[in-house]
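Before any comments, here is the structure.
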Amino acid sequence: MIQAVVDNVYWQMSLDRKTTALKQLQGHMWRSAYITGQLKGEVYEDVVPSIRQWRELGFKLYIYSSGSVEAQKLLFGYSIEGNLLKLLDGHFDTTVGHKVESKSYRNIADSIRCSPENILFLTDVVKEAFAAEKAGLHVAVVMRPGNDALTDEDKSSYCCITSFHQINFPSENN
């Protein structure tokens, strides 16, 4: 029985499955590595200055990831930039729904009591961008080294950025 569970976990990981149970298991496994300093959450160099600026502008920031909430808190709590949790207002994982389903984004909007049209969703996955846009959110696709390449159609369909510094909000121009 134990070997069957182990085999199933390896199988899901080999297919990069985004199942809630797998992501929760991974979060539990990573906890000790983060706490002992063997593992640090990596963030791009533009992320922390940008989210600090957005906080100063009064924006609320949430993370929605296929990784469990526990894993998110470990990554941001033990990052190479220190504890970033104080910069975030909340976390969502696939317990609100899968990231390629529009209902998930409506669930998040309802949960944070914010109209979808007042939310900017950043992603590197076009299927997620499509689902979020269908739910009424504004979307920007973040192109980073190592991400799947975007088609020309994807690039013409979405606002595409390579750095958070490229995001400007109307209040910044006043």
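Predicted model only: the values in this text are computed from it and were never measured. Side chains are part of it too, since the values below use all heavy atoms of this structure and drop only hydrogens, waters and symmetry mates.
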Quiz item: I119 versus I112: any side-chain heavy-atom pair under 4.5 Å?
Solution: yes

Quiz prompt | For R55, all residues meeting salt bridge (Lys or Arg N to Asp or Glu O under 4.0 Å), sequence neighbours excluded | solution = D89

Quiz prompt | Hydrophobic cluster membership, V142 vs V100, 4.5 Å side-chain cutoff | solution = no

Quiz prompt | Under 3.5 Å side-chain donor-acceptor pair for S157 and E153 | solution = no

Quiz item: Of all residues at least two apart in sequence or in a different chain, which pass the side-chain hydrogen bond (donor to acceptor under 3.5 Å, both in side chains) check with S32?
Solution: none

Quiz prompt | Pairwise salt bridge (Lys or Arg N to Asp or Glu O under 4.0 Å) hits with a residue in residues 103-116, at least two apart | solution = none

Quiz item: Just by distance, do the side chain of K86 and the backbone of N83 share a donor-acceptor pair under 3.5 Å?
Solution: yes

Practice problem: May I ask you to check whether over 12 heavy atoms, not counting those of E117, lie within 6.0 Å of atom CD? | Solution: yes

Self-check item: Partner residues of S156 under the side chain to side chain contact (heavy atoms under 4.5 Å, CB included) criterion, sequence neighbours left out
Solution: none

Exercise. Would you please name every residue forming a side-chain hydrogen bond (donor to acceptor under 3.5 Å, both in side chains) with Q72, sequence neighbours left out?
Key: H91

Quiz item: In Å and rounded to the nearest 0.5 Å, what is the CG to CG distance from L61 to L122?
Solution: 9.5 Å

Practice problem: Considering only Ile, Leu, Val, Met, Phe, Trp and Tyr, and joining two whenever side-chain heavy atoms are under 4.5 Å apart, list the other residues clustered with I2. | Solution: V6, Y10

Quiz item: Do N107 and F92 touch side chain to side chain, with heavy atoms closer than 4.5 Å?
Solution: no

Practice problem: Quick one: closest heavy-atom pair of D93 and G67, and the distance? | Solution: CB-O, 3.3 Å

Quiz item: How would you list, by chain and number, every residue that makes a salt bridge (Lys or Arg N to Asp or Glu O under 4.0 Å) with E128, sequence neighbours excluded?
Solution: K99

Quiz item: In Å and rounded to the nearest 0.5 Å, what is the CZ to OH distance from R31 to Y78?
Solution: 10.0 Å

Quiz item: Do the non-hydrogen side-chain atoms of L150 and M143 ever get within less than 4.5 Å of each other?
Solution: yes

Quiz prompt | Whichever hydrophobic residues join L15 through chains of side-chain contacts under 4.5 Å | solution = W11

Quiz item: Which residues satisfy the side-chain hydrogen bond (donor to acceptor under 3.5 Å, both in side chains) test with D148, sequence neighbours excluded?
Solution: none

Quiz prompt | Neighbour count >12 (heavy atoms, 6.0 Å) for atom CZ, F130 | solution = no

Quiz item: Taking only residues two or more places apart in sequence, or in another chain, which ones meet E133 in a salt bridge (Lys or Arg N to Asp or Glu O under 4.0 Å)?
Solution: none

Quiz item: In terms of ring plane angle, is the pair F169 and F59 parallel, tilted or perpendicular, where the classes change at 30° and 60°?
Solution: tilted

Quiz item: Can you find a pair of side-chain heavy atoms, one from F76 and one from L88, that are under 4.5 Å apart?
Solution: yes

Self-check item: Closest heavy-atom pair and its distance - D154, C160
Solution: O-SG, 4.3 Å

Self-check item: Between Q12 and T19: side-chain donor-acceptor atoms closer than 3.5 Å
Solution: yes

Quiz prompt | Minimum heavy-atom distance P116-A135, with the two atoms named | solution = CB-O, 3.4 Å

Which pairs would a plain distance check flag for residues 45-52, meaning a side-chain donor or acceptor within less than 3.5 Å of a matching protein atom at least two apart in sequence or in another chain?
| unit_1 | atom_1 | unit_2 | atom_2 | d |
| --- | --- | --- | --- | --- |
| D46 | OD1 | R144 | NH1 | 3.0 |
| D46 | OD1 | R144 | NH2 | 3.2 |
| D46 | OD2 | R144 | NH2 | 2.9 |
| D46 | OD2 | S163 | OG | 3.4 |
| D46 | OD2 | F164 | N | 2.5 |
| S50 | OG | D46 | O | 2.8 |
| S50 | OG | H165 | ND1 | 3.4 |

Practice problem: Would you mind listing every ring-ring contact (aromatic ring centres under 6.0 Å, His included) that reaches into residues 93-117, with sequence neighbours excluded? | Solution: Y64-Y105, Y105-F121

